[in-house]
Amino acid sequence: GQSLEQPSEVTAVEGAIVQINCTYQTSGFYGLSWYQQHDGGAPTFLSYNALDGLEETGRFSSFLSRSDSYGYLLLQELQMKDSASYFCAVRDTGFQKLVFGTGTRLLVSP
Amino acid sequence: SQTIHQWPATLVQPVGSPLSLECTVEGTSNPNLYWYRQAAGRGLQLLFYSVGIGQISSEVPQNLSASRPQDRQFILSSKKLLLSDSGFYLCAWSTSGNEQFFGPGTRLTVL
């Protein structure tokens with residue numbers, strides 16, 4: 001089986017930097033993905049890491065350490081619109097399906 | 001470009017009534033298709049996934065079923081809804097298995 005752990009909530013102020021951590025336990029591993037979901041909306045894909053290291057996409061970066069079964073999403077220059085839930089997800093062994101973490105709610109204040 | 005449609009957007013149904021939610025994808029062929037349910041303030045629970053027409057894998061035993069009658073059509077059904085079936089139902093598609101694209105979702109309330 002697979003399990004993923006994320007903090008339930010993170011708070012920050014506009015313009016700050018925030019890091020959302022994800023640790024996972026899996027029997028196999030194909031990569032770590034991150035999704036953003038605003039209240040009432042559908043999840044949208046943010047990033048995917050298959051190899052160790054940092055992937056940068058604009059204000060968002062995602063990091064993976066396979067040896068530590070750990071990854072994080074880094075959000076820089078926070079904006080109010082970044083207030084949302086963020087989910088990490090791992091692809092299940094041998095199947096084209098994802099197992100999602102429980103999500104981290106990010107609250108950005110002025 | 002690819003698009004995914006789900007309908008209806010919201011649905012209120014009495015306990016014991018049937019359910020049919022439809023999802024269609026445009027702009028891609030032979031996608032993997034997924035049904036998820038999300039309870040309020042919770043994570044995503046995978047219900048069913050399909051890698052091809054007529055091929056359905058069930059993740060959680062329950063009173064729901066899924067069908068894929070066409071390559072880009074995925075249907076979620078129930079013969080008799082339970083109160084516990086309330087939630088936000090999301091359809092998604094993928095070709096790589098790593099990146100999934102979600103539809104707008106159906107918010108179901110069972111009374």
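In what follows, every chain begins at residue 1, and chains take the letters A, B, ... in the order their sequences are listed. Atoms considered below: every heavy atom in the structure, side chains included; atoms not considered: hydrogens, waters and symmetry mates.
Annotation: side chain to side chain contact (heavy atoms under 4.5 Å, CB included) contacts of S69(A) (sequence neighbours excluded): Y24(A). Taking Q13(B) as the reference, L11(B), S17(B), L81(B), L108(B) meet the side chain to side chain contact (heavy atoms under 4.5 Å, CB included) condition, with sequence neighbours excluded.
Between Q100(B) and Y35(A), the shortest heavy-atom contact is N-OH, 2.8 Å. Residues Q38(B) and F87(A) share a closest heavy-atom pair of NE2-CZ, 3.6 Å. Between Y49(B) and K97(A), the shortest heavy-atom distance links the atoms CE2-CD, 3.6 Å. Considering all non-hydrogen atoms of both residues, G103(B) and A42(A) come closest at O-CB, 3.0 Å.
If you tally non-hydrogen atom pairs under 4.5 Å between each of R107(B), E99(B), R42(B) and chain A, the highest count goes to E99(B).
Interface remark: S33(A) contributes side-chain atoms only to the contact with chain B (heavy atom separation under 4.5 Å). Looking at T95(B), only its backbone comes within 4.5 Å of chain A, counting heavy atoms on both sides. In this structure, chain B has a heavy atom under 4.5 Å from the side chain of Q37(A), while its backbone stays farther away. With a 4.5 Å cut-off on non-hydrogen atoms, L90(B) touches chain A through its side chain but not through its backbone.
No continuous path of ILVMFWY side-chain contacts below 4.5 Å connects F74(B) to L46(B), so the two sit in separate hydrophobic clusters. When hydrophobic clusters are built by joining Ile, Leu, Val, Met, Phe, Trp and Tyr residues whose side-chain heavy atoms come closer than 4.5 Å, directly or via intermediates, L19(B) is grouped together with L33(B). One hydrophobic cluster holds both L83(B) and Y89(B) under the rule that ILVMFWY side chains link at heavy-atom gaps under 4.5 Å. The hydrophobic clustering, which links ILVMFWY residues whose side-chain heavy atoms are closer than 4.5 Å, places F88(B) and L64(B) apart. Residues M80(A) and F60(A) share a single hydrophobic cluster, defined by chaining ILVMFWY side chains whose heavy atoms lie under 4.5 Å apart.
Aromatic ring orientation, F102(B) versus F100(A): perpendicular (interplanar angle above 60°, classes split at 30° and 60°).
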